[in-house]
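When reading the values below, keep in mind they use all heavy atoms of this one structure, side chains included, and skip hydrogens, waters and symmetry mates. Below, chains carry the letters A, B, ... as their sequence lines are ordered, and counting in each starts from 1.
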Protein chains: 2
Amino acid sequence: MADIGARLADIVGLTEVVDDHGHDESLTVPAQRPAHVVRPETAEQVAAILEAATEHATPVTARGSGTGLSGAAVPRADGIVVSFEKMNRVLEIDTENHVAVVQPGVTLQELEERTAAAGLVYPVYPGELSASLGGSVATNAGGMRAVKYGVTRHHVLGVQAALPTGELIRTGGRFVKSSTGYDLTQLIVGSEGTLALVTEAILKLQPRVAHQATVLAPFADLAAVVAAVPRVVASGIGPLILEYIDGMTMGAITHTADLQLGIPDAVRETAQAYLVVMLENRSADRLDEDVAETGEMLAGLGAVDAYVLPGGSARRLIEARERAFYTAKAAGADDVIDTVLPRAALPDFMAAVTGIAQAHGTFVIGCGHAGDGNVHLAVFQKDAEQRSAVLGELFAAAIALGGAISGEHGIGRAKRSHFLASEDPTKVELMRRVKQAFDPAGVLNPGVLF
Amino acid sequence: MADIGARLADIVGLTEVVDDHGHDESLTVPAQRPAHVVRPETAEQVAAILEAATEHATPVTARGSGTGLSGAAVPRADGIVVSFEKMNRVLEIDTENHVAVVQPGVTLQELEERTAAAGLVYPVYPGELSASLGGSVATNAGGMRAVKYGVTRHHVLGVQAALPTGELIRTGGRFVKSSTGYDLTQLIVGSEGTLALVTEAILKLQPRVAHQATVLAPFADLAAVVAAVPRVVASGIGPLILEYIDGMTMGAITHTADLQLGIPDAVRETAQAYLVVMLENRSADRLDEDVAETGEMLAGLGAVDAYVLPGGSARRLIEARERAFYTAKAAGADDVIDTVLPRAALPDFMAAVTGIAQAHGTFVIGCGHAGDGNVHLAVFQKDAEQRSAVLGELFAAAIALGGAISGEHGIGRAKRSHFLASEDPTKVELMRRVKQAFDPAGVLNPGVLF
């Protein structure tokens, strides 16, 4: 049997291995250059690569844009990186069925441009437009608009995927419902490259809504912000974005972005937390009414004030918020987490965060998708053991309140030990058996999840 | 080892087996009384029953209200029926998180009443309010409102489930997003009682929208109706219901329901198909505007006219449409199918249906969820072999157009042979391995799907 390198060279040719193939944006998972890198151009090549990997029992890690935060794109030293940079085409924008068909290497930026031209939108904005769709699907990426539109999972109608055993399958289709066998699509979404490699995805699009407006409301403290959130959701006003930003984080991101929001100094000094509400409507008049209603509602819920941000400032605030991870990284954050909770448990969780941070002498700040209970925290603690203890306690607090470790970043390599320590062993065993059903040789992304 | 009957008697006691335990509403799957019926009251009893069944290699079929259309609740002669009639409580309506926690035996009717009292709604209306939530989850039930709100799958945030190996697990939670391991929730939803038995479900609720209105538009023919559908969806007006009803079916359901819709005779005689558009809005004024806009849009799309139905008539039309299955059954339909297609493929599919029906001398009429491409057809053909040929050709036509066998009824026993004949064998094998991961002894609903 030829060695795996020769097999890969036959299938698609080998690519020079460089440092960039060895890492994603995780702050804690050490970079690792793989033994081989391939850049397939067809689904059939991907399937052939996996078949060869299974025969040679060689680990395979898929790579999109490498913007993940959990180390799921960090390969094994003896492994293969399958880079999807050459499978980067939008195959179709189907305006009749409101569907996009994309290859895994397509970026969110390109999809945004292509859908905009058709008056449609792929409404999942994880905050990094250079991210690939393949990576988004593997991670089940979310972002700020999930409160209205849901996460990646809710927009993947079907995939073509290469199985580790070398076959290609197609799941789902250009329809939004099916009761025809197990939902393999939803099983593959969020599986972090451990079950199959997606070679094509059918994505649900929405009509692009014409008008948007952003309301920024400072509150005296974070407890008041998070208490207001269920009321805004219950109103039925249906915000596109419903984010909280703590005072420290707001200071950091507006400073980094050199952003003046026109908030009086007196207000800024007393406001320890902010709520950002973005609304959209196909009618400008209705949007104006909704903005006015939202302002009144927020005042009634304890907001110090409510500002309707001009378009440019609003866009820059949202962009700055999307860059919060990079702001935290630049500020020296040692890890980031994105626990998810029942929305109404946010006040209790934030109180627990404060207690845990203080007990460990650790600085923890953040912001989050308040509308869907997804709390993003930056943890400043150089000592790895202390940091792991802090994370363990934060995750335990979230789980005790009915939450889970990750809302949208995934487990990857970064949070695996916490996942395995906190998850019901019966479920982990069941997941392992599901993994075995897809990947009998265990070649897909070993060390991720399990 | 005690026999399985004695084991079951020890766990929960045996119930007298009656005819009702042997069937659902499928028109083609023969009724079959099981060997044993149990009515557990706790999740732990369900788990113990499954553990005993696995040890004794005895088939188990779950039963909710028995309103399914695919024979998935028809047990084996040597098997056990687990009836959830005693696990029928709404455990909680959580108004802060917009979540209901229910036992599997709860009916949609009860959930509707309980959520209405809280100003919330579980927006999946499969058309049979006596259906159970457990059955809805197992079938991934849909219904007319799926065009706006999605199907059962999109509203199940988590479950407690008993595994065939005797353990209880909990998946998901009171949150709408998670990237924490494989999505076992979505795998169990729609698995037709073949992977695990749901003992509790966490359901996503929505704010109940105050105002609704219904527009009925007659069209000259079905092709014109289905061609209009993508335009209505693209408008962004966001209908709650977008149904087509062919002229024959409209005549039958309005006759059965003794329903006068106030459509002039001249129009009724020329209209061979109808589009029903239900709109909702939290503002009565906005609803009025949307109704006017919809009427104009439909006129531009070729509607003969557009009628705003008074509330009582609208409700009765929707109810009559929901009862279309019973109307078809009473009229002597020999089978019903619910293929799903890309929305824009509806005209081609309907043309294919006409051709197939004529070639086989078979009468086929229907209605369907036009907004999501889900076509419900009643097939009148007494000869089983002919009927199977018709169904095979209808399914093949749907699949060739990018569709699938069932949008919401499921495969069950009724459509199994068509499913296995048309599905990619690689996928079937993969599904079998997933089944094996959950159910190594193969006790859960053998004969369903596979």
*Taking the inter-plane angle between the rings of A/Phe450 and A/Phe419 on a 0 to 90° scale, is it parallel (under 30°), tilted (30 to 60°) or perpendicular (over 60°)?*
tilted
_Validation row: B/Pro126, B/Glu408 side chains within 4.5 angstrom (heavy atoms)_ = no
*Check step by step if side chain to side chain contact (heavy atoms under 4.5 Å, CB included) holds for A/Leu187 and B/Tyr182.*
CA-CA 6 Å; A/Leu187 188 53; B/Tyr182 302 148; 4.1 Å; yes
*Would you mind checking which part of B/Lys415 comes under 4.5 Å of any heavy atom in chain A, side chain (CB onward), backbone (N, CA, C, O), both or neither?*
neither
_Per-residue contact mode, B/Asn97 against chain A (heavy atom under 4.5 angstrom)_ = both
*Give the member of A/Leu168, A/Val147, A/Leu184, A/Thr139 that has the highest number of heavy-atom pairs under 4.5 Å with chain B.*
A/Leu184
_Please classify the contact between B/Asp285 and chain A as side chain, backbone, both or neither, with a heavy-atom cut-off of under 4.5 Å._
neither
*Below 4.5 Å from any heavy atom of chain B, which atoms of A/Arg153 appear? Answer side chain, backbone, both or neither.*
side chain
*Strictly by modelled atom types, are B/Glu167 and B/Thr165 linked by a side-chain donor-acceptor pair under 3.5 Å?*
yes
*With a 4.0 Å cut-off, would you call A/Arg145 and A/Glu280 a salt bridge?*
no
*Count the heavy-atom pairs under 4.5 Å between each of A/Ser406, A/Ala344, A/Ala345 and chain B, then report the option with the highest count.*
A/Ser406
*asked:* Using heavy-atom distances under 4.5 Å, tell me whether B/Val99 contacts chain A through its side chain, its backbone, both, or neither.
replied: neither
*Which one, B/Asp424, B/Asn140, B/Thr339, B/Thr185, leads in non-hydrogen pairs under 4.5 Å with chain A?*
B/Asn140
*If you count heavy-atom pairs under 4.5 Å with chain A, which of B/Val176, B/Val428, B/Asn374 comes out on top?*
B/Asn374
*Most heavy-atom pairs under 4.5 angstrom with chain A, which of B/His154, B/Arg433, B/Arg343?*
B/Arg343
*asked:* Please classify the contact of B/Leu449 with chain A as side chain, backbone, both or neither, using a heavy-atom distance under 4.5 Å.
replied: side chain
*Heavy-atom pair count under 4.5 Å with chain B, highest-scoring of A/Asp94, A/Ile237, A/Thr171, A/Leu163*: A/Ile237
*Check whether B/Val151 gets within reach of chain A through its side chain, its backbone, both or neither, counting any heavy atom under 4.5 Å.*
side chain
_Contacting moiety of A/Arg170, where chain B heavy atoms sit under 4.5 Å_ = backbone
*Is B/Glu192 salt-bridged to B/Arg416, cutoff N-O under 4.0 Å?*
no
*Between chain A and each of B/Glu423, B/Lys177, B/Arg174, count heavy-atom pairs under 4.5 Å; write down the option with the most.*
B/Lys177
_Max heavy-atom pair count under 4.5 Å with chain B, selected residue of A/Gly142, A/Gly190, A/Pro440, A/Gly236_ = A/Gly236
_A/His155 (side chain) donor-acceptor with A/Gln206 (main chain) under 3.5 angstrom_ = no
*Flag the pair B/Val121 / B/Val209 as yes when at least one side-chain heavy-atom distance between them is below 4.5 Å, and no otherwise.*
no
*Pick from B/Arg286, B/Gln186, B/Arg282, B/Met431: which one has the most heavy-atom pairs with chain A under 4.5 Å?*
B/Arg286
*Is the closest basic N to carboxylate O distance between A/Arg231 and B/Glu96 below 4.0 Å?*
yes
*Count the heavy-atom pairs under 4.5 Å between each of B/Ala234, B/Gly373, B/Ser283 and chain A, then report the option with the highest count.*
B/Ala234
_Are A/His98 and A/Lys204 packed together at the side-chain level, in the sense that at least one heavy-atom pair is separated by less than 4.5 angstrom?_
no
*asked:* Minimum heavy-atom separation for B/Val232 and B/Pro239, please, with both atom names.
replied: CG1-CG, 4.2 Å
*Quick one: which of A/Val189, A/Leu195, A/Ile188, A/Thr152 has the most heavy-atom pairs under 4.5 Å with chain B, could you say?*
A/Leu195
*Considering only heavy atoms from C-beta outward, does the side chain of B/Asp439 approach that of B/Thr194 to under 4.5 Å?*
no
*Under 4.5 Å, counting heavy-atom pairs only, tell me which of A/Gly173, A/Pro342, A/Ser70 racks up the most with chain B.*
A/Pro342
